[in-house]
Amino acid sequence: MKPDQVLLQYFHNLVDMDKALSYVHKDATFIAAFEKESDRHHFYGTYYGVEGVRTLLSKFQKDLDTQEFEINKVLADETTALAWGRFKHLIRPTGKMFESYWAVVCEVQDGKIKYFRGFEDTGALEAAFLVD
């Protein structure tokens, strides 16, 4: 499978965590906005391997109720895929909406995502989690 197909399969299977994780390399590195953990938000940081990605996806499942997820474009070569789009999530702890454009770059090895870095409006994310 080509890198764009692997990334699309990962995205399309996020509703079934185990299926999505089947597209994650055992030595994967997933970066959620910033490499280092931060007290600014509990999603931020680097997650390693399938279990690390499971931890990240568990945080998403607990806190985000996806209302819309659009993929505008995916570009790829033999090892890398780049995608961008927009999403809209209801934040469960606060009841607020979080809307953002997003971009992802990933590297695929042996038909699985080995490196994944996501970009989004972190200011809007943090604001949506603030309790009024």
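With rounding to the nearest 0.5 angstrom, the CG atom of Leu7 is 9.0 Å from the NE2 atom of His12. Remark: Asp4 CG to Gln9 CD distance equals 10.5 Å, nearest 0.5 Å. Atom-to-atom distance recorded for Asp39:CG and Tyr44:OH is 10.5 Å, nearest 0.5 angstrom. The CG atom of Asp65 sits 9.5 Å away from the NE2 atom of His89 when rounded to the nearest 0.5 Å.
Taking 4.0 Å as the cut-off between side-chain N and carboxylate O, Lys2 and Asp77 do not count as a salt-bridged pair.
Counting only heavy atoms from C-beta outward, the side chains of Val105 and Arg117 approach each other to under 4.5 Å. The shortest distance between side-chain heavy atoms of Ile71 and Trp102 falls below 4.5 Å. Inter-residue side-chain proximity for Ser100 and Leu125 is flagged as unmet; no heavy-atom pair is nearer than 4.5 Å. Counting heavy atoms from C-beta outward, Gln5 and Tyr23 have side chains that stay 4.5 Å or more apart. Leu21 has its side chain within reach of Val53: a pair of non-hydrogen atoms, C-beta onward, lies under 4.5 Å apart. In this structure the side chain of Glu107 never reaches within 4.5 angstrom of the side chain of Gln109, judged on heavy atoms. Using a 4.5 Å heavy-atom cutoff, the side chains of Lys96 and Leu130 are in contact. Val108 has its side chain out of reach of Met1: every pair of non-hydrogen atoms, C-beta onward, lies at least 4.5 Å apart.
Counting all heavy atoms, side chain and backbone alike, Lys73 lies closest to Leu75 at CE-CD2, 3.8 Å. Counting all heavy atoms, side chain and backbone alike, Arg86 lies closest to Tyr101 at CB-CD2, 3.8 Å. Scanning all heavy atoms of the two residues, the minimum distance from His25 to Lys112 falls at N-CB, 3.5 Å. In this structure, Asn72 and Gly85 approach most closely via the heavy-atom pair ND2-CA, 3.6 Å. The shortest heavy-atom contact between Tyr47 and Gly52 is CD2-O, 3.3 Å. The minimum heavy-atom distance between Pro3 and Ala76, with the atom names listed, is CB-CB, 4.5 Å.
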### Query
Would Gln61 and Leu57 satisfy side-chain contact (heavy atoms from CB on, under 4.5 Å), going step by step from the backbone distance to the final call?
CA-CA 6 Å; Gln61 283 186 344; Leu57 296 181; 5.5 Å; no

### Query
Where do Arg54 and Asp18 land on the side-chain contact (heavy atoms from CB on, under 4.5 Å) test, with the steps shown first?
CA-CA 8 Å; Arg54 182 184 304 278; Asp18 288 326; 3.0 Å; yes

### Task
Could you walk me through whether Val104 and Leu82 pass the side-chain contact (heavy atoms from CB on, under 4.5 Å) test, one step at a time?
CA-CA 6 Å; Val104 165; Leu82 172 69; over 6 Å; no

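Proximity of a side-chain donor or acceptor of Thr94 to a complementary backbone N or O of Ala128 within less than 3.5 Å is detected.
Residues Phe69 and Ile91 are members of one and the same hydrophobic cluster, defined by side-chain heavy-atom contacts under 4.5 angstrom among Ile, Leu, Val, Met, Phe, Trp and Tyr. When hydrophobic clusters are built by joining Ile, Leu, Val, Met, Phe, Trp and Tyr residues whose side-chain heavy atoms come closer than 4.5 Å, directly or via intermediates, Phe87 is not grouped with Met97. In this structure, Val24 is not a member of the same hydrophobic cluster as Ile31, with clusters built from ILVMFWY side-chain heavy atoms closer than 4.5 Å. Note on Ile113 and Tyr48: separate hydrophobic clusters, where clusters join Ile, Leu, Val, Met, Phe, Trp and Tyr whose side-chain heavy atoms are under 4.5 Å apart, directly or indirectly. Met17 and Leu14 fall within the same hydrophobic cluster, defined by Ile, Leu, Val, Met, Phe, Trp and Tyr side-chain heavy atoms under 4.5 Å apart, directly or through other members.
More than 12 heavy-atom neighbours from other residues, nucleotides or ligands sit within 6.0 angstrom of CD on Glu68.
Aromatic rings of Phe116 and Tyr10 (six-membered ring for Trp) have centroids within the 6.0 Å cut-off, being under it. A centroid separation of less than 6.0 Å is found between the aromatic rings of His42 and Phe129. Taking the six-membered ring for Trp, Trp84 and Phe11 have ring centres at least 6.0 Å apart.
For the pairing with Phe43, the ring-ring contact (aromatic ring centres under 6.0 Å, His included) check across Phe60, Phe98, Phe34 returns one residue only, Phe60.
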